[in-house]
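Contents: one structure, followed by commentary.
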There are 2 protein chains.
Amino acid sequence: MQHCQHHQQCQQEAITVAEKYCATHNLRFTPLRRRVLELIWTSHEPVKAYDILDAISDTDTSSKPPTVYRTLDFLQQYGLVHKLNSQNAYIGCAHPNKHQQCYFLICTACSEVSECCYQSIDTLIQKVAKKNNFTQQHTVLEIQGLCESCQNEKA
Amino acid sequence: MQHCQHHQQCQQEAITVAEKYCATHNLRFTPLRRRVLELIWTSHEPVKAYDILDAISDTDTSSKPPTVYRTLDFLQQYGLVHKLNSQNAYIGCAHPNKHQQCYFLICTACSEVSECCYQSIDTLIQKVAKKNNFTQQHTVLEIQGLCESCQNEKA
DNA sequence: TACGTTATGTTATACTATAACATAACGTAT
DNA sequence: ATACGTTATGTTATAGTATAACATAACGTA
């Protein structure tokens with residue numbers, strides 16, 4: 001499994017980015033929203049909605065599924081979090097709204113996910129859409145496979 | 001909404017293809033599997049598992065969720081059907097195992113789905129994977145937007 | 001402080017999918 | 001033809017994912 005050296009730093013940076021983003025855009029970064037985002041940034045693995053619910057239930061007994069899903073909706077709406085459709089799980093985004101679309105590399109061995117945002121992909125998808133007279137709104141691209149570390153471990 | 005002129009023909013062809021595929025590969029194309037595949041090919045819209053269950057329950061009272069999911073597993077395994085992860089729905093494939101990967105254009109207005117299999121996409125994704133030292137296993141690409149007909153209807 | 005808006009609480013339920021074990025159908029070697 | 005291993009389906013139960021609908025609370029501002 002791949003590790004970033006000081007993950008707590010990723011987490012803190014992500015929270016700071018979110019704080020600033022919300023401040024700039026006049027959005028409320030409430031304690032609940034902060035808490036959920038922190039939980040999602042606990043690792044680079046995607047997190048399940050009900051795992052978030054379990055975690056916040058420790059301190060907040062009034063948490064119910066809508067508590068989590070509404071918070072996830074908010075975070076997704078502003079690009080702070082993405083849903084991985086192939087996993088029914090959620091992952092933090094380090095650069096909210098920097099790209100139109102975010103694409104993902106998902107390791108099937110260690111579950112780590114990395115974003116991969118290339119203009120060349122956007123361009124090609126746009127081209128494909130155009131060729132089919134299709135107006136693109138949103139695109140899900142999830143590339144599943146083995147990350148570098150997990151390939152090496154197998155060898 | 002976009003229509004193919006004689007959809008029943010699509011359906012029949014798909015069944016014939018599946019029949020041959022199974023015959024060639026020594027697979028059992030049982031009545032249940034045929035029935036489910038026919039239901040999926042009733043339209044070019046993706047079909048929900050529980051809608052399939054409702055449909056087959058009309059004639060087969062012993063149908064339960066595993067009946068459907070197991071059949072879908074079989075059909076997916078041999079590329080006769082694909083799951084659309086962003087919709088939790090299933091769609092027939094006209095050319096089982098012709099491509100490594102199938103990609104989709106999903107109309108958010110009329111729900112119609114068309115496959116879009118371009119070598120150029122495969123190539124680019126492979127390149128992106130390589131650049132990240134990632135070994136690709138399976139890729140989900142679902143492009144959501146408006147199909148030609150639905151764009152025109154809006155105009 | 002009164003009021004509209006946004007966020008959260010609360011209850012209930014809908015929707016999606018699988019585990020685990022039992023029986024039946026099929027294919028084939030004897 | 002029959003016995004046996006394999007594959008398919010039946011059956012019961014439950015796990016996992018997500019939303020509807022309505023109530024209350026917190027916030028922001030005129």
Side-chain angles (χ1 to χ4, degrees), chain A residues 18-19 21-37 39-40 45-78 80-91 111 140 142, chain B residues 18-19 21-37 39-40 45-78 80-91 111 140 142:
Chain A
E19 244 169 16
Y21 185 88
C22 290
T24 310
H25 294 79
N26 245 334
L27 303 168
R28 288 202 242 159
F29 195 50
T30 64
L32 175 62
R33 288 166 178 177
R34 173 187 295 266
R35 182 84 202 288
V36 169
L37 191 59
L39 284 167
I40 289 175
E45 292 176 38
V47 181
K48 297 270 178 175
Y50 276 74
D51 289 342
I52 295 172
L53 180 56
D54 288 345
I56 63 178
S57 294
D58 284 350
T59 56
D60 187 348
T61 55
S62 70
S63 302
K64 301 281 180 321
T67 313
V68 171
Y69 283 102
R70 280 192 294 224
T71 306
L72 287 171
D73 283 347
F74 171 85
L75 296 171
Q76 286 176 87
Q77 186 177 351
Y78 297 105
L80 300 167
V81 157
H82 298 296
K83 177 174 183 182
L84 298 177
N85 287 279
S86 62
Q87 326 268 304
N88 293 327
Y90 303 83
I91 187 102
S111 303
V140 172
E142 301 173 9
Chain B
E19 244 169 15
Y21 185 89
C22 289
T24 310
H25 294 78
N26 244 333
L27 303 168
R28 287 202 244 157
F29 195 50
T30 63
L32 175 61
R33 288 168 177 173
R34 172 187 295 266
R35 182 85 201 286
V36 170
L37 190 59
L39 283 167
I40 289 175
E45 292 177 38
V47 180
K48 297 270 179 176
Y50 277 74
D51 289 342
I52 296 172
L53 180 56
D54 288 346
I56 63 177
S57 294
D58 284 350
T59 55
D60 186 347
T61 55
S62 70
S63 303
K64 300 283 179 322
T67 314
V68 171
Y69 283 104
R70 279 192 295 226
T71 306
L72 287 172
D73 284 346
F74 171 85
L75 296 171
Q76 286 176 87
Q77 186 177 352
Y78 297 105
L80 300 167
V81 157
H82 297 295
K83 177 174 183 181
L84 297 178
N85 287 279
S86 62
Q87 327 267 307
N88 293 328
Y90 302 84
I91 187 104
S111 303
V140 173
E142 300 172 9

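What you see below is based on every heavy atom in this structure, not just the backbone, and it leaves out hydrogens, waters and symmetry mates. Below, read A as the first sequence line, B as the second, and so on, with proteins coming before strands; counting in each chain starts at 1.
Using a 4.0 Å heavy-atom cutoff across all strands shown, B:Phe29 reaches no nucleic acid atom at all. Using a 4.0 Å heavy-atom cutoff across all strands shown, A:Arg70 reaches at least one base atom of the nucleic acid.
Across the protein-nucleic acid pair, A:Arg33 atom CZ and C:dG9 atom P stand 11 Å apart, rounded to whole Å. If you measure from atom CG of B:Asp73 to atom C1' of C:dT16, you get 13 Å, rounded to the nearest angstrom. What separates CD1 of B:Ile56 from P of D:dT9 is a distance of 10 Å, to the nearest Å. B:Leu72 places its CG atom 10 Å from the P atom of C:dT18, with the value rounded to the nearest Å. D:dT7 atom P lies 12 Å from atom CZ of B:Phe74, rounded to whole Å. Going from atom NE2 of A:His25 over to atom C1' of C:dT6 covers 18 Å, rounded to whole Å. Atom NZ of B:Lys64 and atom P of D:dT11 are 6 Å apart (whole Å). Rounded to whole angstrom, the span from the CZ atom of A:Arg28 across to the P atom of C:dT8 amounts to 7 Å.
Taking the six-membered ring where tryptophan is involved, the planes of B:Tyr78 and B:Tyr21 are tilted, since the angle between them lies from 30° to 60°.
Side chain of B:Lys64 to main chain of B:Leu53: no donor-acceptor pair is present (N/O by atom type, distance under 3.5 Å, no hydrogens or angles). With A:Glu142 contributing its side chain and A:Asn85 its backbone, the two residues share a donor-acceptor pair below 3.5 Å.
An OP1 or OP2 oxygen of C:dC15 is reached within less than 4.0 angstrom by no side-chain nitrogen or oxygen of B:Tyr69. Residue B:Asn88 has no polar side-chain atom (N or O) positioned under 4.0 Å from OP1 or OP2 of D:dT17. Listed pair A:Lys48 / D:dT17 meets the phosphate criterion, a side-chain N or O lying under 4.0 Å from OP1 or OP2.
Residues B:Phe29 and B:Arg34 come closest through the heavy atom pair CZ-CA, 3.6 Å.
When distances run from any side-chain atom of B:Ser62 to the nucleotides D:dA8, D:dA18, D:dT11, the shortest one goes to D:dT11. Comparing D:dT19, C:dA7, C:dA17 by their nearest atom to the side chain of B:Tyr50 picks out C:dA17.
The partner of C:dA20 is D:dT11, by the rule that a Watson-Crick or G-U pair needs both atom distances under 3.5 Å. The partner of C:dC15, taking Watson-Crick or G-U wobble pairs whose two distances both stay under 3.5 Å, is D:dG16. Checking D:dA30 for Watson-Crick or G-U wobble geometry (two distances, each under 3.5 Å) identifies C:dT1 as its partner.
Of the inter-residue distances, the one linking B:Ile52 atom CD1 with B:Leu37 atom CG reads 9.5 Å to the nearest 0.5 angstrom.
Projected onto DNA chain D by closest heavy-atom contact, A:Tyr90 and B:Ser63 fall at different nucleotides, the more 5' of which corresponds to B:Ser63.
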